[in-house]
Amino acid sequence: MIITRTANQCGTADYGWLQARYTFSFGHYFDPKFLNYRALRVLNQEILAPKAEFQPKSYPHVDILNIILQGEAQYHDSEGNHIYAQQGDCLLFSARQGISYSEHNPSDKIPLTRLQLWLNACPQQETQPLQRKVLPNRPLTLLASPTSENNSMHLRQQVWISYLVVKNRDNQILSLRGKHAYLQSISGNARINGNKNSDLEIKCGDGVFIQEEQEVILQADPLFRGLLIDLAD
């Protein structure tokens with residue numbers, strides 16, 4: 001079963017200094033039908049104005065994946081650590097109890113655009129140091145996994161996150177590990193086919209809930225970039 005959640009169905013916020021789109025309930029946006037999807041708790045796309053910043057805050061027991069789509073970012077924590085990231089960087093944080101984190105757009109001209117995911121972490125697993133990867137220009141790349149396979153970043157739950165780049169009119173077969181997955185379009189459009197649904201169109205910013213499918217096939221139109229979040233439980 002494949003169910004689309006279009007970009008215009010998501011929650012939104014516009015504070016001037018921040019524009020955001022929320023796939024699941026977050027902040028002022030609340031929808032009891034969309035609290036989370038298995039271990040995936042938050043999937044936000046946010047645009048931070050030049051020189052704007054998020055004030056320090058603490059997080060629940062989650063892994064936080066930030067993917068910088070445009071601009072640059074600086075991160076600080078209450079222990080004095082400073083991290084710089086730019087377009088194409090992926091940063092994976094293990095949130096720690098008692099530690100607060102802030103985020104800042106250091107540019108005075110270019111907005112910071114990024115995706116942020118929160119994934120519930122297994123309480124028995126210890127926190128990890130900051131992990132970093134750069135988005136490659138390859139058809140299918142494993143970014144993060146519970147086993148760090150294929151040089152991926154380590155997640156503290158049974159989730160596999162892959163980055164997709166599908167050229168115009170090309171097909172990409174996505175084999176799934178479990179019964180649940182979520183596909184997020186970052187840019188471009190595609191048609192998606194599964195065993196029980198066929199020929200559904202997804203556009204830039206749309207998401208797709210995938211259930212009880214062994215594999216799905218994407219055909220890009222034009223170039224498609226996205227994230228596949230494979231929730232094996």
Side-chain angles (χ1 to χ4, degrees), residues 1-7 9-11 20-27 29-46 59-67 90-97 114-128 131 133 140-150 152-164 172-186 190 192-197 200 202 205-218 226-233:
M1 181 168 59
I2 300 173
I3 302 171
T4 58
R5 180 153 165 77
T6 64
Q9 291 175 320
C10 296
R21 185 169 66 239
Y22 307 128
T23 299
F24 304 106
S25 296
F26 188 87
Y29 169 65
F30 178 75
D31 186 332
K33 297 180 181 178
F34 295 97
L35 299 178
N36 62 287
Y37 185 49
R38 316 299 289 188
L40 179 59
R41 182 166 174 169
V42 167
L43 198 165
N44 297 344
Q45 179 168 311
E46 296 172 319
Y59 292 87
H61 192 69
V62 292
D63 286 345
I64 302 168
L65 179 65
N66 285 342
I67 300 178
C90 304
L91 301 177
L92 184 59
F93 299 86
S94 293
R96 296 168 54 195
Q97 298 298 307
R114 61 140 173 81
L115 285 178
Q116 184 173 89
L117 284 67
W118 297 11
L119 296 130
N120 290 327
C122 177
Q124 287 76 34
Q125 293 198 29
E126 297 181 357
T127 58
Q128 298 287 319
Q131 301 170 77
K133 286 185 73 72
L140 183 62
T141 302
L142 185 63
L143 294 179
S145 71
T147 56
S148 302
E149 60 199 81
N150 299 329
S152 60
M153 299 180 289
H154 180 74
L155 287 169
R156 297 179 293 165
Q157 55 279 312
Q158 295 297 300
V159 176
W160 287 256
I161 302 175
S162 298
Y163 177 62
L164 315 175
Q172 177 69 54
I173 299 174
L174 304 175
S175 298
L176 304 177
R177 298 172 184 264
K179 297 181 179 180
H180 303 88
Y182 190 85
L183 176 68
Q184 177 65 43
S185 170
I186 295 175
I192 182 170
N193 292 272
N195 294 329
K196 301 177 183 179
N197 294 80
L200 296 177
I202 57 174
D206 290 352
V208 180
F209 295 94
I210 304 170
Q211 301 175 10
E212 305 289 344
E213 300 279 355
Q214 293 182 338
E215 66 179 29
V216 295
I217 302 173
L218 283 181
L227 284 184
L228 176 66
I229 305 160
D230 201 333
L231 302 140
D233 59 335

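The first residue in the sequence is number 1, and the count goes up from there.
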Considering residues at least two apart in sequence or located in another chain, which fulfil the salt bridge (charged side-chain N to carboxylate O under 4.0 Å, His left out) criterion with Arg156?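 Per chain and number, Arg156 pairs via salt bridge (charged side-chain N to carboxylate O under 4.0 Å, His left out) with Asp63.
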Residues two or more places apart in sequence or in another chain: which of them pass salt bridge (charged side-chain N to carboxylate O under 4.0 Å, His left out) with Glu126?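 Result, salt bridge (charged side-chain N to carboxylate O under 4.0 Å, His left out) vs Glu126: none returned.
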Does the side chain of [X] reach to within under 4.5 Å of the side chain of [Y], using non-hydrogen atoms?
X      : Y      : result
Leu65  : Leu115 : no
Leu92  : Leu155 : yes
Cys90  : Met153 : yes
Glu212 : Lys179 : yes

Donor-acceptor check, side chain of Arg5 to backbone of Thr23, threshold 3.5 angstrom: yes or no?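 It does hold such a pair.
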Test item: Gln184 side-chain N/O and Val208 main-chain N/O as donor-acceptor pair under 3.5 Å: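 Not a single qualifying donor-acceptor pair exists.
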Work out which heavy atom in [X] is nearest to a heavy atom in [Y]; give both atom names and the distance.
X      : Y      : value
Asp230 : Leu176 : OD2-CA, 3.4 Å
Ile2   : Asn193 : CD1-C, 4.2 Å
Gln157 : Cys122 : OE1-N, 4.3 Å
Ile161 : Leu142 : O-CD1, 3.6 Å
Gln128 : Ser94  : N-OG, 3.1 Å

Go through Leu140 and Gln172 one step at a time and tell me if the side chain to side chain contact (heavy atoms under 4.5 Å, CB included) criterion holds. CA-CA 9 Å; Leu140 183 62; Gln172 177 69 54; 4.2 Å; yes
Run the ring-ring contact (aromatic ring centres under 6.0 Å, His included) test against Tyr59 and tell me which residues pass, sequence neighbours left out.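 Here the qualifying residues are Tyr101, Trp118.
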In Å, rounded to the nearest 0.5 Å, how long is the span from [atom1] of [X] to [atom2] of [Y]?
X      : Y      : atom1 : atom2 : answer
Leu227 : Leu143 : CG    : CG    : 6.5 Å
Leu231 : Gln211 : CG    : CD    : 10.5 Å
Asn120 : Arg38  : CG    : CZ    : 11.5 Å
Thr141 : Leu164 : OG1   : CG    : 8.5 Å
Leu174 : Glu213 : CG    : CD    : 11.5 Å
Leu228 : Trp160 : CG    : CH2   : 12.0 Å

I'd like to check the side-chain contact (heavy atoms from CB on, under 4.5 Å) partners of [X]; sequence neighbours left out, ordered by chain and number.
X      : answer
Asp206 : Thr6, Ala7, Ile202, Lys203
Phe30  : Ser25, Pro32, Leu35
Phe24  : Phe34, Tyr37, Leu40, Leu43, Phe209

Taking side-chain hydrogen bond (donor to acceptor under 3.5 Å, both in side chains) as the definition, give me every residue that meets it alongside [X], ordered by chain and number, with sequence neighbours left out.
X      : answer
Glu46  : Arg114
Ser145 : Ser152
Gln125 : His154
Thr147 : Glu149

Derivation and outcome, side chain to side chain contact (heavy atoms under 4.5 Å, CB included), residues Ile210 and Tyr182: CA-CA 6 Å; Ile210 304 170; Tyr182 190 85; over 6 Å; no
Using only heavy-atom distances, determine whether the side chains of Gln116 and Asn66 contain a donor-acceptor pair under 3.5 Å.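 Yes, a side-chain donor-acceptor pair sits under 3.5 Å.
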